[in-house]
Each structure stands twice: as structure tokens, then as C-alpha cells.
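Per chain, numbering begins at 1; letters A, B, ... match sequence-line order.
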There are 2 protein chains.
Amino acid sequence: MEQRIELAVSTVSFALRPHPTSGRPTLWLPLVKRIREPYLGRWALPGGPLQPHEDLDASARHSLARTTGLEPAHLEQLYSFGGIDRSPDRVVSIVYWALVRADEDARAIDGENVEWFVADEVRALAFDHNAIVDYALRRLRAKLTYSDIAHAFTGDEFTIAQLREVHEAVRQLSLDPANFRRQALANPRIVATGRHLGGTSHRPPAIYRLERP
Amino acid sequence: MEQRIELAVSTVSFALRPHPTSGRPTLWLPLVKRIREPYLGRWALPGGPLQPHEDLDASARHSLARTTGLEPAHLEQLYSFGGIDRSPDRVVSIVYWALVRADEDARAIDGENVEWFVADEVRALAFDHNAIVDYALRRLRAKLTYSDIAHAFTGDEFTIAQLREVHEAVRQLSLDPANFRRQALANPRIVATGRHLGGTSHRPPAIYRLERP
DNA sequence: GCAAAAGTGTTTCAATTACACCCATGT
DNA sequence: ACATGGGTGTAATTGAAACACTTTTGC
């Protein structure tokens with residue numbers, strides 16, 4: 001009795017959008033409604049079976065683009081889940097997580113079976129996808145503190161306040177603007193463009209840029 | 001033309017043994033000589049195809065025990081490699097890494113086709129296993145600085161000098177004994193047993209224990 | 001001028017580093 | 001006694017946090 005093991009690639013995509021009640025920037029993610037058993041009608045992570053000719057990350061990009069219209073700038077492997085009991089049939093999922101910039105986010109499409117949810121409020125997902133989302137959130141929050149991935153949200157040009165806003169939204173805390181600024185500018189890859197952002201009802205903030213090595 | 005995707009689980013196992021020339025504690029790992037094409041005769045990571053009834057980590061444990069006799073205390077998923085060009089046939093490898101304690105290491109068997117090598121000196125492995133070993137080394141070295149995994153080498157009971165020796169061997173540096181001691185004891189999970197280690201030609205060091213939460 | 005956020009300066013406190021020095025054992 | 005690593009003390013340096021204060025814009 002040779003049982004076939006299915007191999008799928010799924011992606012947790014994060015974007016920052018205003019919270020529906022508080023209005024403050026918050027993490028959202030897109031989910032796809034299942035149109036077949038198991039878990040018919042439940043929400044699940046976008047993904048699909050790995051094609052023989054596709055790299056793992058190419059598979060993640062393709063299934064994301066097909067369902068949500070997204071082509072995120074940052075894509076990174078999260079973990080592979082292969083428990084025996086995560087689905088009636090044996091399926092191993094290689095899960096990626098993606099960060100979506102504001103401009104790219106605007107291009108996202110909400111299809112018939114695609115909808116965005118506040119990341120910390122998703123409930124009763126298909127398979128073990130709740131655990132996967134929780135794990136992705138933990139990894140994102142941890143990684144923000146020791147790497148430059150905040151710029152995957154801001155893009156290459158940004159003000160210090162925008163960068164701080166990303167940290168505050170993702171890590172769910174508030175940061176001292178003065179100290180954050182110093183800490184951010186201690187990164188030698190962050191350099192001033194000389195230009196300033198207009199249209200604010202206060203002093204125009206300087207625009208910085210992330211120098212790629 | 002439906003091409004089958006093979007799914008394998010492999011493991012990079014690390015143990016500390018004296019370096020063949022310098023004698024200083026160094027990372028070693030076990031490799032298996034391939035007895036079929038592709039890469040016949042080359043050294044490769046222990047592993048095997050995922051069985052339909054096995055969890056991913058169970059698969060790692062089984063293939064490790066079968067080939068090397070090891071049953072490591074620490075086993076952790078590293079990454080999944082699925083590039084289309086990593087083998088003539090399409091194979092996706094879910095790779096784990098393991099840490100082997102000294103007492104467990106003594107139980108290791110060097111079979112006909114199993115041999116241990118200095119981790120930083122392995123060359124010309126089968127498939128993309130050189131890149132995998134490098135990645136595992138980087139992850140191990142990074143993780144040692146922000147977690148408690150050093151104890152996966154020492155076991156639950158240890159002297160501060162033994163713990164320091166692990167750090168020095170893995171991270172390839174030398175640490176101030178006084179400062180390392182303070183820093184280690186700042187961890188509230190490390191508590192004195194009250195016992196001391198005898199047989200040394202100097203002041204007997206205190207034995208500490210890692211309190212599991 | 002006033003509000004509001006950008007940006008600078010300064011003081012305090014905690015953590016890291018460097019290194020001098022004492023302690024307990026085997027030989 | 002003395003060599004050796006275990007273990008303690010302490011001053012100097014660095015970095016994080018707290019917060020007062022100045023700057024520049026729109027209205």
C-alpha cells in the first residue's frame with residue numbers, strides 16, 4: 001500500500017493597513033476560502049502543490065500572484081510542516097512568509113474567495129494554519145528587532161517616523177522618537193537624501209534611503 | 001509527463017571532538033558514503049526518503065540512528081532545499097540539524113560507509129551538501145549567542161569552564177573566564193548543585209545544573 | 001501666535017569589558 | 001612551595017533609556 005505524500009507550498013503575506021476600529025497601522029494578511037474538502041468553506045493560506053519544474057520560492061510567488069495578485073518584494077522560507085495528522089491525506093507544506101510594501105499592497109485584488117484579515121484576529125482556519133500564522137507572526141516580530149526587514153514595508157525611501165511606525169505597528173509598542181531616531185541613524189546603511197517630505201502640517205521630515213551593499 | 005518529486009529528510013549532526021592537529025575541541029560531523037548514482041562514492045549527509053507514516057523529525061531520527069547509531073538530544077529543523085538543479089532527479093530535502101552530547105557521542109559507530117569529519121574542513125560533498133553544511137554552521141554559531149543550546153553539548157550538569165569551552169570551540173574565539181562566568185550565572189535557570197568536580201590538578205570547579213522550566 | 005511633529009542635547013542607569021587579585025587543589 | 005585553573009572585586013567604557021528643549025512647518 002504505497003501512499004503518496006503530497007508536497008505543497010503556502011505563504012503567509014503581511015501588509016500594514018489601518019485597524020478597522022482603532023485606525024492604527026496593523027498587520028493584515030490575505031486568506032483564500034477553500035472550495036473543496038477537506039475544510040470546505042474555511043479560510044486557508046494561499047498556496048498550491050509544488051510543480052515538478054518549479055523552485056520552492058517560485059512556487060510561492062506563482063500561487064500568491066494567482067490568488068491575491070501580490071508580487072511581494074520580500075519572500076523568505078518560514079518552516080516545513082509535515083505532521084501525520086495535519087490533514088486526512090498526507091501533505092507536507094513548505095511555508096513561506098512575505099512582506100508587502102504599501103505601494104504593492106494597493107495593487108492587491110480581493111477576489112470572490114480572497115479576503116484580508118487582521119493578522120492577530122484570524123480564527124478557525126483550515127488545517128493547522130492557525131499555528132502557522134502564529135509562528136510567522138512570532139518570527140516576523142523577532143526578526144524586526146535584529147535585522148533590516150522593516151524596510152520591506154517602507155520601501156527604499158522613507159522618513160524616520162515611517163520606519164518607527166512600522167516597528168510600533170508590528171511589535172505592538174510605542175517607541176521614544178528621539179532615541180529611535182538615533183538608533184536608526186546608527187545604521188550606516190541609512191543615509192540622508194537631502195530631500196524633505198512636504199504636505200505635513202508641521203516641520204517637514206527628512207527623507208532617508210537604505211543603501212544596498 | 002508527470003514527473004514525481006521525491007521528498008527526503010537529511011540531518012547535519014554536530015559533536016565536539018579534539019581537532020586532529022591542534023587537539024582543541026572542534027565541531028565534527030558524520031557523513032555517509034554514497035553507494036549509488038548520482039554522486040557514487042562521494043560523501044553525503046545521512047538521510048533518506050520520507051515514509052508516508054513518519055513525522056518529519058521521526059524520519060530524521062530514524063535515518064540517523066540507522067546509519068550512525070546516534071540518538072541526539074537536540075534536533076531542530078534547519079531549512080528545506082528544493083532547487084530544480086540540485087540533483088538529476090527532482091528531490092526536495094527537508095534538512096534538520098542535531099547536537100550530540102559527549103556521552104552520546106561515545107556511542108557513535110563508524111560503519112563501513114560512515115565517517116566523521118571536521119565540520120569546517122569538509123570538501124566536495126554530494127549534491128548541494130556543502131552549502132547545507134555551511135548554512136547549518138552559521139545557524140549553530142548564531143543561535144549559540146542568543147539561546148541555551150550550548151547545553152545540548154554539555155548535558156544538564158556542567159562546570160562553567162565546560163560551558164565556556166563549548167562557546168569557544170563553536171564560535172572560534174576565546175572568552176574572558178571571569179566575565180563569561182558572571183554572564184552565564186546571570187541566567188536564572190543555571191543553579192549550583194553544591195557538588196564539585198574532583199580529579200583536577202587545581203581548585204575543583206563547582207558543578208551547575210540547567211533547571212528545565 | 002499656536003499646534004504638532006521633527007530633531008538635538010543632556011543626564012541617568014545598566015551592561016560590557018579589562019584586568020588585578022585571591023582561593024583551593026595536585027604534585 | 002608553586003603551578004594551574006576556579007572564582008571574586010572593581011574601575012573604565014559603552015550603550016540604552018528618560019526627558020527637557022529647540023526647530024520648522026501649516027493654519
Original post:
At under 4.0 Å, does any side-chain N or O of B/R181 touch on OP1 or OP2 of D/dT8?
Top reply: yes

What is the distance from [atom1] of [X] to [atom2] of [N], rounded to the nearest Å?
{"X": "B/R195", "N": "C/dT25", "atom1": "CZ", "atom2": "P", "value": "16 Å"}
{"X": "A/D176", "N": "C/dA6", "atom1": "CG", "atom2": "C1'", "value": "13 Å"}
{"X": "A/Q183", "N": "C/dT8", "atom1": "CD", "atom2": "P", "value": "16 Å"}
{"X": "B/R182", "N": "C/dA14", "atom1": "CZ", "atom2": "P", "value": "17 Å"}
{"X": "A/H196", "N": "D/dG26", "atom1": "NE2", "atom2": "P", "value": "13 Å"}
{"X": "B/R203", "N": "D/dG6", "atom1": "CZ", "atom2": "C1'", "value": "5 Å"}
{"X": "B/F180", "N": "C/dA18", "atom1": "CZ", "atom2": "P", "value": "16 Å"}
{"X": "B/N179", "N": "D/dT13", "atom1": "CG", "atom2": "P", "value": "16 Å"}

Original post:
So what does A/A206 hit on the nucleic acid, given a heavy-atom distance under 4.0 Å: a base, only sugar-phosphate, or nothing?
Top reply: sugar-phosphate

**OP:** Using a 4.0 Å heavy-atom cut-off across all strands, classify A/A178 as base, sugar-phosphate, or nothing.
**Re:** base

Original post:
For A/T200 and B/Q162, take the nucleotide of DNA chain D holding the closest heavy atom to each; which residue's nucleotide lies nearer the 5' end?
Top reply: B/Q162

Original post:
For B/T159 and A/P204, take the nucleotide of DNA chain D holding the closest heavy atom to each; which residue's nucleotide lies nearer the 5' end?
Top reply: B/T159

Original post:
Would you call the rings of A/Y135 and A/F81 parallel, tilted or perpendicular, where under 30° means parallel and over 60° means perpendicular?
Top reply: perpendicular

Original post:
Going by the angle between their ring planes, with limits at 30° and 60°, are B/W43 and B/F117 parallel, tilted or perpendicular?
Top reply: perpendicular

Subject >> Presence of salt bridge, B/E157 and B/R209, under 4.0 angstrom >> reply: yes

Subject >> Sub-4.5 Å side-chain heavy-atom contact between B/R139 and B/E76 >> reply: yes

